[in-house]
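For the numbers below, each heavy atom of this structure counts, side chains included, while hydrogens, waters and symmetry mates do not. Numbering starts at 1 and runs along the sequence shown.
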Amino acid sequence: MLDQIHLLAAVTVLGVLEQAYFFLQVIYARRVFGVSPPKVSGPPEFERIFRAQVNSSEYFPIFLAVLWQAGLFFHQGLAAALGLLYLCARYCYFMGYRASSSERLAPIYFSSGVLWILLAASALGILRFFLSHYVGLNILQLFTA
């Protein structure tokens with residue numbers, strides 16, 4: 001069983017570490033710019049860092065859900081590779097947003113595209129499972145016949 005999920009687990013841990021890094025960047029920015037909790041507004045530099053972290057946190061549960069579904073129902077290796085691409089794009093998004101609000105655009109579009117691919121792989125994998133399990137139809141066999 002573990003050999004079927006080890007790549008997904010590794011990408012999940014990397015994602016959690018990335019989220020922790022983003023959280024720490026907000027704490028550091030609060031100190032640098034003198035923005036004490038619970039305030040969420042301050043200089044534009046702080047607000048960009050804060051917003052990048054919040055946005056990344058908002059998307060993280062979606063990422064985890066489609067990562068694991070794609071990995072379990074479609075292909076673990078492909079899902080893990082796409083997961084790494086997503087995490088890299090999110091890092092670029094965070095660093096871009098930190099520098100300038102316009103520099104966040106390309107990475108956010110790329111990471112959104114990766115999420116859509118993971119979602120498609122999830123849906124196809126789940127559909128294949130349902131057809132095989134409940135209808136007795138192996139669609140992979142149809143393509144190879």
Side-chain angles (χ1 to χ4, degrees), residues 1-133 138-144:
M1 163 84 180
L2 292 179
D3 60 331
Q4 296 172 350
I5 62 170
H6 66 285
L7 297 176
L8 301 173
V11 172
T12 299
V13 168
L14 287 174
V16 169
L17 290 172
E18 182 176 69
Q19 290 297 307
Y21 174 75
F22 295 161
F23 294 143
L24 291 173
Q25 291 304 299
V26 171
I27 291 169
Y28 178 73
R30 283 187 179 282
R31 290 181 185 149
V32 168
F33 298 110
V35 180
S36 299
K39 285 190 199 174
V40 294
S41 61
E45 296 83 2
F46 168 76
E47 290 183 9
R48 287 195 310 267
I49 293 168
F50 180 78
R51 190 63 213 142
Q53 180 269 317
V54 169
N55 185 272
S56 295
S57 295
E58 292 167 347
Y59 275 85
F60 196 62
I62 298 168
F63 165 67
L64 288 178
V66 295
L67 171 74
W68 278 86
Q69 289 173 3
L72 293 174
F73 289 98
F74 193 79
H75 190 275
Q76 178 188 203
L78 176 65
L82 289 168
L84 289 175
L85 272 176
Y86 177 82
L87 294 177
C88 287
R90 269 292 157 173
Y91 180 80
C92 291
Y93 164 79
F94 187 89
M95 291 304 165
Y97 206 169
R98 179 184 200 162
S100 163
S101 60
S102 63
E103 289 187 42
R104 79 191 193 289
L105 295 176
I108 195 72
Y109 294 146
F110 184 79
S111 66
S112 296
V114 173
L115 281 181
W116 280 108
I117 294 168
L118 281 168
L119 179 62
S122 299
L124 288 173
I126 292 169
L127 177 64
R128 181 179 61 89
F129 174 80
F130 282 146
L131 289 175
S132 173
H133 191 73
N138 187 341
I139 55 175
L140 293 179
Q141 229 175 18
L142 293 174
F143 290 117
T144 58

Looking at [X] and [Y], what are the two nearest heavy atoms and their distance?
| X | Y | value |
| --- | --- | --- |
| A80 | L7 | CB-CB, 3.7 Å |
| A89 | P107 | O-CB, 3.5 Å |
| S101 | R48 | N-CD, 3.6 Å |

>> If we ignore hydrogens and angles and just use 3.5 Å, is the side chain of Q76 paired with the main-chain N or O of D3 as donor and acceptor?
In response: yes
> Would you find a donor on one side and an acceptor on the other, under 3.5 Å apart, between the side chain of E47 and the backbone of G42?
Replying inline: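 Pair found, side chain donor or acceptor close to backbone of G42.
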So do [Y] and [X] actually touch side chain to side chain, heavy atoms under 4.5 Å?
| X | Y | answer |
| --- | --- | --- |
| F129 | I126 | no |
| F73 | R128 | no |
| V11 | Y86 | no |
| S56 | Y93 | yes |
| L85 | F110 | yes |
| R51 | R104 | no |
| E18 | F94 | no |

How long is the gap from [atom1] on [X] to [atom2] on [Y], to the nearest 0.5 Å?
| X | Y | atom1 | atom2 | result |
| --- | --- | --- | --- | --- |
| L8 | L72 | CG | CG | 6.0 Å |
| L67 | L119 | CG | CG | 12.5 Å |
| Q53 | E58 | CD | CD | 9.0 Å |
| S100 | L105 | OG | CG | 8.5 Å |
| R31 | S36 | CZ | OG | 11.0 Å |
| L17 | L24 | CG | CG | 10.5 Å |

Mind checking what makes side-chain contact (heavy atoms from CB on, under 4.5 Å) contact with [X], not counting sequence neighbours?
| X | result |
| --- | --- |
| S122 | V66, Q69, A70 |
| F60 | V16, Q19, F63, L64 |
| R30 | V26, V35, P37, V40, F46, F50 |

> Would you say Y28 has more than 12 foreign heavy atoms packed within less than 6.0 Å of its OH?
Replying inline: no
> Does a sphere of radius 6.0 Å around CZ in F33 hold more than 12 heavy atoms from other residues, nucleotides or ligands, not counting ones at 6.0 Å or beyond?
Replying inline: yes
>> Between Y97 and I108, is the side chain to side chain contact (heavy atoms under 4.5 Å, CB included) condition met? List the steps.
In response: CA-CA 10 Å; Y97 206 169; I108 195 72; over 6 Å; no
> Given the rule in the side chain to side chain contact (heavy atoms under 4.5 Å, CB included) test, do F74 and L118 qualify, once you have shown the distances and angles that lead to the verdict?
Replying inline: CA-CA 9 Å; F74 193 79; L118 281 168; over 6 Å; no
> Does the pair I139 and L127 meet the rule for a side chain to side chain contact (heavy atoms under 4.5 Å, CB included), with working shown?
Replying inline: CA-CA 10 Å; I139 55 175; L127 177 64; 5.5 Å; no
